[in-house]
Number of protein chains: 2
Amino acid sequence: MKLTSSQEEYLKTIYLLEKNKQKVRVTDIAQKMNITKPSVNKALRILKDLKLINYEVYGNIELTKEGRQNAKEIIKKQDTLEIFLIGILEIEKKQAEEEAKAIKHAMSKESIEKLDNYITKILDLGDLKCGYDKNNEKCRSCIKITARERLKKAKDSEIKI
Amino acid sequence: MKLTSSQEEYLKTIYLLEKNKQKVRVTDIAQKMNITKPSVNKALRILKDLKLINYEVYGNIELTKEGRQNAKEIIKKQDTLEIFLIGILEIEKKQAEEEAKAIKHAMSKESIEKLDNYITKILDLGDLKCGYDKNNEKCRSCIKITARERLKKAKDSEIKI
DNA sequence: TGTTTTTGTTAGCCTTCGCTAACATTTTAA
DNA sequence: TTAAAATGTTAGCGAAGGCTAACAAAAACA
């Protein structure tokens, strides 16, 4: 069953909130996604119908097994894209996150898998010790090092929820 | 002025049709985009209001200077993404085209520029003659060669409009 | 425990962008 | 030159996914 881009965002948000809180609230979701509570309410009913969350009026909100499965996949997509955009393409963090968020819905699981493998390959190339100067921008070792540094830098500046 | 994903598709389609025909018709656009004529009609009115096309009832359809500018940028985005997906990630052509089409709206001009530069860099790495065997999948020369071959293959199988 | 604040819901509206049905215009060709 | 075919338009519907206004329920607290 194919979810909409919006539905994916809801699942992702609920998953991340579940990790940090006992109970996920409509208000939390609305705040995190920067939309109104009635919009969240409407979306939750649909996600419930799709059996992706458990939810009753004025009751608890929690992902079902299937919902969690979906959420994980969505988050993996976004993470992989962010790593590529920040670490390889050197796009500034905030911009990269925004773009990754918008792109992820358009990419299949298989394509993300390929991107993931590619990133690993590029990051590992340095291990081959090509012998070029570290300052040569085409040197694979240098590519590796700068990519890792960029990722570390981006990760360090993270603000916890 | 930020266009919607759908509007970008219309501009792209009109641009490509203009290159192959004297006159662009509602029917042509509908057929190419696989939607109905009334949908096209509605969209054309909006594009006209946005001054991206010249268009009168029962009259000719043509891109304005600004519309053409936009169309070119959109096509560049899609092309760059396709090259990356097909040539570097080795995603199958049809799938890659579909994904590139959906992704392009989410990426800024600047990010596409970076992706384009990255692709060029990767394709050029082979020129450094790293010395590894051609059959080593981590060899930069090999990466270059296989990527170029994949692109050529994908291009050759193109069906003209 | 009763009142205020916070949280959640309902109803109904708007925009985007598809669609069908019905009709108008233009083009083609007999 | 007029009838048929092709093309284009109008009107109005529907789904998705936002929104506000108004109200209901729950929680906090005095």
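Numbers restart at 1 for each chain; the letters A, B, ... are given by sequence-line order, proteins then strands. The shown structure was predicted, so the numbers you read here are calculated from the model rather than taken from an experiment.
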ask   = Any salt bridge (Lys or Arg N to Asp or Glu O under 4.0 Å) pairs touching residues 50-63 of chain A, not counting sequence neighbours?
value =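 Matches after skipping sequence neighbours: A:K48-A:E56.
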
Listed once per pair and sorted, the salt bridge (Lys or Arg N to Asp or Glu O under 4.0 Å) pairs that draw on residues 105-117 of chain A, sequence neighbours left out =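 Listed by first then second residue: A:E73-A:K109, A:K76-A:E113, A:K76-A:D116.
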
Would you list the protein and nucleotides 14-17 of chain C atom pairs, both N or O, that sit under 3.5 Å from each other?
residue	atom	partner	partner atom	Å
C:dC17	OP1	B:T4	OG1	2.6

List for me each residue that meets side chain to side chain donor-acceptor pair (under 3.5 Å) alongside [X], sequence neighbours excluded, and say none if there are none.
X: A:E9; result: A:K12, A:K104
X: A:Q31; result: none
X: B:E18; result: B:R68
X: B:K37; result: none

Could you list the protein-to-nucleotides 22-25 of chain D atom pairs, N/O on both sides, closer than 3.5 Å?
residue	atom	partner	partner atom	Å
D:dA25	O4'	A:Y58	OH	3.3

message = In this structure, how many angstroms lie between the C1' atom of D:dG12 and the NZ atom of B:K37, rounded?
response = 18 Å

Nucleotide D:dT7, atom C1' - distance to NZ of B:K23 in whole Å =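 Those two atoms, NZ and C1', are 13 Å apart.
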
Residues which pass side chain to side chain contact (heavy atoms under 4.5 Å, CB included) with [X], listed by chain and number, not counting sequence neighbours:
X: A:S39; answer: A:Y10, A:I35, A:T36
X: A:E66; answer: A:M1, A:L52, A:T64, A:N70
X: A:A106; answer: B:A102, B:I103

Below 3.5 Å between N/O atoms, which protein atoms pair up with nucleotides 1-3 of chain D? Just atom names and distances, please.
none

Hey, does the side chain of [X] come within less than 4.0 Å of [N]'s phosphate (OP1/OP2), counting only N and O?
X: A:Y55; N: C:dT9; result: yes
X: B:N41; N: D:dT9; result: yes
X: B:T27; N: D:dG8; result: yes

task = Remember a base hit wins even if backbone is also touched, and classify B:T36 as base, sugar-phosphate or nothing at under 4.0 Å, heavy atoms.
result =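 Base contact.
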
